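The structure appears below as structure tokens.
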Number of protein chains: 2
Amino acid sequence: MTTASSASSSRDLPHPAREEIRLEGVLHALSDPVRLRIVRELAAEGVELSCSYFDLPVTKSTTTHHFRVLRESGVIRQVYEGTAKMNGLRRGDLDALFPGLLDCLLTAAARQAVRHDVP
Amino acid sequence: MTTASSASSSRDLPHPAREEIRLEGVLHALSDPVRLRIVRELAAEGVELSCSYFDLPVTKSTTTHHFRVLRESGVIRQVYEGTAKMNGLRRGDLDALFPGLLDCLLTAAARQAVRHDVP
DNA sequence: CGAGTCGTACGATAAACATCGTAGTACGGG
DNA sequence: CCCGTACTACGATGTTTATCGTACGACTCG
């Protein structure tokens, strides 16, 4: 073990601080179908999920890209856990910045999914 | 007056039907600072506004472009009124599709504006 | 009708984006 | 120590986007 207490890994990823999260960035991140789906699954499961948990209709390269967009916009937090990279919604930060927005967006996405996927 | 009741003009603009409005499209439309600002002013005034009402930091060409993106994504409705083109939020349609979303977004945008513009 | 105002269309451009494939790095287990 | 898994980095590509300028069309008012 190193010096720190819970250094699950040495690789650290850059995240925007709470105050740096911009609404425009969040909306842009969620305006892509693949990314919106990721966030919906993340919210549905309620726990951190590895990238490989998701079965997305794109290659792994593209998946990495989408996860990075979500992280850099402040929507998710990514942490290495051994060989896996765990992804968690930044619910606390988002709710503090924009109360109710995330739930509202998730509800809207769910309604649209019902409307289109179950005709 | 012509035959129709309120044919303020002959030029008609294509709008998506309510069912055709996609959440991703709305989010993408609002992820641009200029367009978010337009929507905020539109909501604040509560009435239809002409394009020239807005004092945007872009040229007229670009303004036209942004208004079209908003219209084609289903966020606003545009109607010619003589020489002016009036723009109105499609509140009814948006609220029916995604209840509470528009207000949530407007609140979020307002909070962010306060946080950044009035430090 | 003529001039002015309001907005569009079109073409150009530079930047951003989504996507892929390949090659490579980090980690854990035999 | 080597291998497999998980993810990344980089380069390429085609599409979309934001922006502008100029030229034009529609309407109003004198």
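Computed from a prediction, not measured in an experiment: that's the story for all the values here. Here is the naming used below: chain letters follow the sequence lines, and residue numbers restart at 1 for every chain.
- In the set D:dA18, C:dG7, D:dC7, the nucleotide with an atom closest to the side chain of B:H28 is D:dA18.
- At the phosphate of D:dT28, neither OP1 nor OP2 sits under 4.0 Å from any side-chain N or O atom of B:T83.
- Within the 4.0 Å cut-off from OP1 or OP2 of C:dC20, at least one side-chain nitrogen or oxygen of A:T59 is found.
- With hydrogens and angles ignored, the 3.5 Å screen pairs no side-chain donor or acceptor of A:R71 with any backbone N or O of A:H15.
- Close to C:dT5, at under 4.0 Å from its OP1 or OP2, lies no side-chain N or O of B:S52.
- Straight-line distance from the CG atom of A:L56 to the C1' atom of C:dA18: 14 Å, rounded to whole Å.
- Dashed line: the shortest gap from a side-chain N or O of A:R68 to OP1 or OP2 of D:dC7 is not under 4.0 Å.
- Counting only heavy atoms from C-beta on, A:K60 has its side chain closest to D:dC7 among C:dA18, D:dG21, D:dC7.
- The side chain of A:H66 places an N or O atom within less than 4.0 Å of a non-bridging phosphate oxygen (OP1 or OP2) of C:dT19.
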Can you list the steps and then say if A:T64 with A:S61 is a side chain to side chain donor-acceptor pair (under 3.5 Å)? CA-CA 5 Å; A:T64 298; A:S61 302; over 6 Å; no

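- The side chain of A:V58 sits closest to C:dT19 out of D:dC7, C:dT19, C:dA18.
- B:Q78 places its CD atom 13 Å from the C1' atom of C:dC6, with the value rounded to the nearest Å.
- Note: CD (B:E81) to P (D:dA26) measures 18 Å, nearest angstrom.
- With rounding to whole Å, A:L36 atom CG is found 13 Å from C:dA18 atom P.
- A donor-acceptor distance shorter than 3.5 angstrom exists from the side chain of B:R35 to the backbone of B:A29, with no hydrogens or angles considered.
- The only option from A:L30, A:V34, A:L36 that meets the side-chain contact (heavy atoms from CB on, under 4.5 Å) definition with A:D32 turns out to be A:V34.
- OP1 or OP2 of C:dC20 has at least one side-chain nitrogen or oxygen of A:T62 nearer than 4.0 Å.
- When rounded to the nearest whole Å, the span between CD of A:E24 and C1' of D:dA18 equals 15 Å.
- Spacing between atom CG of B:D55 and atom P of C:dC6 amounts to 13 Å, rounded to whole angstrom units.
- Along DNA chain D, the nucleotide closest to B:V34 and the one closest to A:H65 are compared, and the more 5′ of them pairs with A:H65.
- A straight line from CG of A:D12 to P of C:dC27 spans 12 Å, rounded to a whole angstrom.
- One can place CG of A:L49 at 15 Å from P of D:dA6, the figure rounded to the nearest angstrom.
- Using a 4.0 Å heavy-atom criterion, one finds that B:T63 contacts no nucleic acid atom at all.
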Candidate pair B:Y53 and B:E45, rule side chain to side chain donor-acceptor pair (under 3.5 Å), full reasoning: CA-CA 11 Å; B:Y53 171 89; B:E45 299 298 331; 3.0 Å; yes

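- For A:S61 against C:dG21, a side-chain-to-base donor-acceptor contact under 3.5 Å is present.
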